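Here is the naming used below: chain letters follow the sequence lines, and residue numbers restart at 1 for every chain. Not measured: the values here are computed from a predicted model.
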Amino acid sequence: MIARWPTGRCVQDDLPELRQTRAGLRGFLEQQHPAWSGTEPFDGATRADTFTFHNGNGRGAVWRDDRRGVLWLCSASDRHDEGYDRARALASDRRLYPQLDQAYDVDGRCATVPWGECPDEDLLEALRFTGGSSETLGHLAGADQDPTEFDNGIGWIRLSAEADVWTMAIRRNLVYPDAASPRSRWLTNTELERVFVELTGQNPDDAHFWAPPHNAFHINIHFIGGPLSPGQWLTQRIDALLAGHAEQALRAP
Amino acid sequence: MPTKPATKPIKSIRMSEEHQDALRLLSAYESKPETALVEEALDLLVQSRALAYRHALGLPHEAVAPTPETVHEVVPRIREAMRTALAGGAHAPSEDEAKSRLRERARAAEPIAG
């Protein structure tokens, strides 16, 4: 379960400028839990549970989002005073906190707005979709084990193996509980390929994608080599983020 | 869902040259009868409408979230729901009606503080 990630604004504006704090960011993300201790409440906060972020001389702000169980890195800088000043300015401009669905359904554990309206909500959901899949599917070692499925109530993936050929079946639609139906949608072919890449680390050109007859809901993918482990999946996502590739497998159409 | 071979023609459909060509090509390429391709395409068309029609037809979450084992249940459920809707005088919502529903939802959502 992804429980720590930088906001889209932080990735776009702060991350490219980070040098010394970049290594600290990796350490921050490798600990995927939402708890935060050891720093003081951020004095520019406009929400509860906002704390300062420290890394060497670098400073910024984090916000613990209890509804979603995630610690957002809202701001980061290599410099001490400038880091705090920037976080205060962002709070005052109402840009410090992630862009999230205000009607987020805690019981249903899902957002309700159409994809694209709240980018950080989409980002978190995309990470939790492939990350959750990796936790479930990444433990399948080979053909001597039963097929395994990931189903978070919204998206669905099954992985099986027969001899040396693996088969991943991905449901092509995301379908939400009734109250969130405007968010339901079909995945694009590019998204389906990216889900496969995130879970296997393989080039889709080396796999065989095929659609079962009479079934618009699923795509089947044959490939050789098996899935990434959950640890490899997380490392891959952090590497991509720090390299400036912030896009996730699922994204607004 | 497996198809049964048609025993007799039940419908005559005029089709553009372009689509006739596509049907012939696909039939040759996949080594399948044209009838099987049309039947398969109809199933896929109904399934592709599932998300859009689900709410208007009163279908549950599960109806449009099948596994490969339950996917054959989707088209009959949508067909039955369409039959019921038509009997009640209802038709598929237009794009404008769907957008209106989104706007109503957005207005109904209560903002939180912060």
Which region of A:W156, side chain (C-beta onward) or backbone (N, CA, C, O), has a non-hydrogen atom less than 4.5 Å from a non-hydrogen atom of chain B, or is it both or neither?
-> side chain
Pick one of side chain, backbone, both or neither for A:R172, based on which atoms fall under 4.5 Å of a heavy atom in chain B.
-> neither
Would you please indicate if the ring centroids of A:W63 and A:F53 are separated by under 6.0 Å?
-> no
With sequence neighbours excluded, tell me which residues meet ring-ring contact (aromatic ring centres under 6.0 Å, His included) with B:H61.
-> none
Output the option from B:T67, B:L42, B:L45 having the highest count of non-hydrogen pairs under 4.5 Å with chain A.
-> B:T67
Student check: side-chain heavy atoms of A:D120 and A:W72 closer than 4.5 Å = yes
Side chain / backbone / both / neither for B:V46 at chain A, heavy atoms under 4.5 Å = neither
For B:E30, enumerate each residue passing the salt bridge (charged side-chain N to carboxylate O under 4.0 Å, His left out) test, keeping only those at least two apart in sequence or located in another chain.
-> B:K32
